[in-house]
Amino acid sequence: MKVFILIALFALSCHAQHHNQHQHQQQQHHAHLNANNIPRDEKADHRREDQRETSTWIPILKYNKEQSEDGSYKTEYETGNNIIHEETGFLKDFDTNPNGVLVQHGQYSYQSPDGTHVNVQYTADENGFRATGDHIPTPPAIPEEIQKGLDQIYAGIKLQQERLEQRAKSDPGFAKKLEERRLANQNGQYIGLLEN
C-alpha cells in the first residue's frame, strides 16, 4: 500500500509540475498580446519608450505683475533654469480706435542648448511684432536693380491712389465707394478693384 501511495504522490507531483509549466507558458503568451488580443511588436514598445519625454520641475524664482486701471501693466519673472522675462504694455490711440492699440515692449533671455546666452528685445504694436537679438539672422541687402523695381511699383501705387482721390473730390458716388473700400481694407477684407 505504501508503494501505491508513493506512486500516486509521484504522479500528482508530475502533474502539478506540468500544470505549472503550462500556466507559465500561457502567461508569457498573454504578455505578448495587447488589450485586443493582437500580438505586440516588441520593437514598437521599445520605440515608444525611447520617444517618451520626461519633464523636469523648474521653479519660478521671481514673479511680479502690476496692472493699472488705465490698462498699462508691467510683468517680470525668472525661472530656475535662468529664463528671465520682462514686459511693459499700455494702450494708446483711443481717438482713432475705440478699443485702443496695445503697445508692448519687453525682453527675455535664456541659455540655448549649445550654451550660448540668448537675449531678445521686442516691441509689439500696430506695426506688428519686431524682435532684435544677436542670434536673429539679418537679411542680405536688397540688390540695386530689385530696389529700383520696388520703388517703381510703389510710385505707381501712389500715383494711382492720388488719381482715385482726385476723382473722389469731383464724384460723390465714387468717393463713397472709395471710402467703403478703404474701410474694408482696413478691416482685412479685400473688395476688389473700383470700377471706372
Side-chain angles (χ1 to χ4, degrees), residues 51-169 174-194:
Q51 291 177 352
R52 265 190 268 163
E53 294 182 21
T54 60
S55 60
T56 303
W57 182 79
I58 300 170
I60 303 296
L61 303 177
K62 175 176 151 183
Y63 180 82
N64 292 319
K65 178 150 183 149
E66 301 170 16
Q67 182 75 45
S68 300
E69 290 181 17
D70 64 357
S72 63
Y73 69 91
K74 179 179 180 181
T75 184
E76 58 184 338
Y77 65 83
E78 181 178 353
T79 66
N81 60 346
N82 295 324
I83 296 173
I84 300 171
H85 179 251
E86 299 174 356
E87 181 177 287
T88 59
F90 61 92
L91 294 170
K92 72 172 192 172
D93 291 342
F94 284 102
D95 299 334
T96 58
N97 189 331
N99 296 324
V101 173
L102 178 61
V103 178
Q104 298 169 298
H105 298 287
Q107 67 176 11
Y108 59 89
S109 62
Y110 61 93
Q111 189 170 1
S112 70
D114 67 358
T116 306
H117 184 75
V118 177
N119 191 22
V120 178
Q121 297 85 31
Y122 63 89
T123 298
D125 56 18
E126 68 272 15
N127 298 316
F129 180 84
R130 297 172 308 283
T132 59
D134 293 339
H135 70 291
I136 298 174
T138 56
I142 298 174
E144 186 178 335
E145 297 80 18
I146 293 176
Q147 186 61 54
K148 284 180 185 178
L150 293 172
D151 291 342
Q152 289 175 352
I153 291 170
Y154 177 72
I157 292 170
K158 189 174 179 183
L159 180 62
Q160 180 186 22
Q161 187 64 32
E162 290 171 358
R163 288 180 182 162
L164 292 174
E165 290 174 7
Q166 188 66 31
R167 180 176 170 196
K169 289 179 183 178
F174 186 77
K176 183 179 176 185
K177 287 182 181 179
L178 187 61
E179 181 63 16
E180 288 172 357
R181 178 182 182 201
R182 186 189 67 75
L183 288 173
N185 287 341
Q186 184 178 358
N187 293 328
Q189 303 166 338
Y190 181 69
I191 61 171
L193 299 174
L194 290 173

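Just so we're clear, the structure is a prediction, and the values are computed from it rather than from any experiment.
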What is the distance from atom [atom1] of [X] to atom [atom2] of [Y], rounded to the nearest 0.5 Å?
{"X": "K92", "Y": "D70", "atom1": "NZ", "atom2": "CG", "result": "15.0 Å"}
{"X": "I157", "Y": "Q152", "atom1": "CD1", "atom2": "CD", "result": "12.0 Å"}
{"X": "I58", "Y": "I83", "atom1": "CD1", "atom2": "CD1", "result": "6.5 Å"}
{"X": "N64", "Y": "E76", "atom1": "CG", "atom2": "CD", "result": "4.5 Å"}
{"X": "E86", "Y": "K74", "atom1": "CD", "atom2": "NZ", "result": "7.0 Å"}
{"X": "L183", "Y": "E180", "atom1": "CG", "atom2": "CD", "result": "8.0 Å"}

Over 12 non-hydrogen atoms of neighbours within 6.0 angstrom of OH in Y154: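 Not buried by this count: 12 neighbours or fewer within 6.0 Å.
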
Check [X] against [Y] and note the closest heavy-atom contact, atom names and distance.
{"X": "L61", "Y": "T79", "answer": "CD1-O, 3.6 Å"}
{"X": "S72", "Y": "Q67", "answer": "O-NE2, 3.5 Å"}
{"X": "S109", "Y": "N119", "answer": "CB-OD1, 3.7 Å"}
{"X": "I136", "Y": "T132", "answer": "CD1-C, 3.8 Å"}
{"X": "A168", "Y": "A175", "answer": "O-CB, 3.4 Å"}

Side chain to side chain contact (heavy atoms under 4.5 Å, CB included) assessment of R182 paired with L178: CA-CA 6 Å; R182 186 189 67 75; L178 187 61; 5.9 Å; no

Criterion side chain to side chain donor-acceptor pair (under 3.5 Å) on T75 and E87, from CA distance to verdict: CA-CA 5 Å; T75 184; E87 181 177 287; over 6 Å; no

For a 4.5 angstrom cut-off between non-hydrogen side-chain atoms, does [X] reach [Y]?
{"X": "L164", "Y": "F174", "value": "yes"}
{"X": "K62", "Y": "I84", "value": "no"}
{"X": "R130", "Y": "D125", "value": "yes"}

Salt bridge (charged side-chain N to carboxylate O under 4.0 Å, His left out): pairs with one or both residues in residues 131-144, sequence neighbours excluded: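 Qualifying pairs: E144-K148.
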
Chi angles and distances behind the side chain to side chain donor-acceptor pair (under 3.5 Å) call for E165, Q161: CA-CA 6 Å; E165 290 174 7; Q161 187 64 32; 3.2 Å; yes

Criterion side chain to side chain donor-acceptor pair (under 3.5 Å) on Q104 and Y122, from CA distance to verdict: CA-CA 8 Å; Q104 298 169 298; Y122 63 89; over 6 Å; no

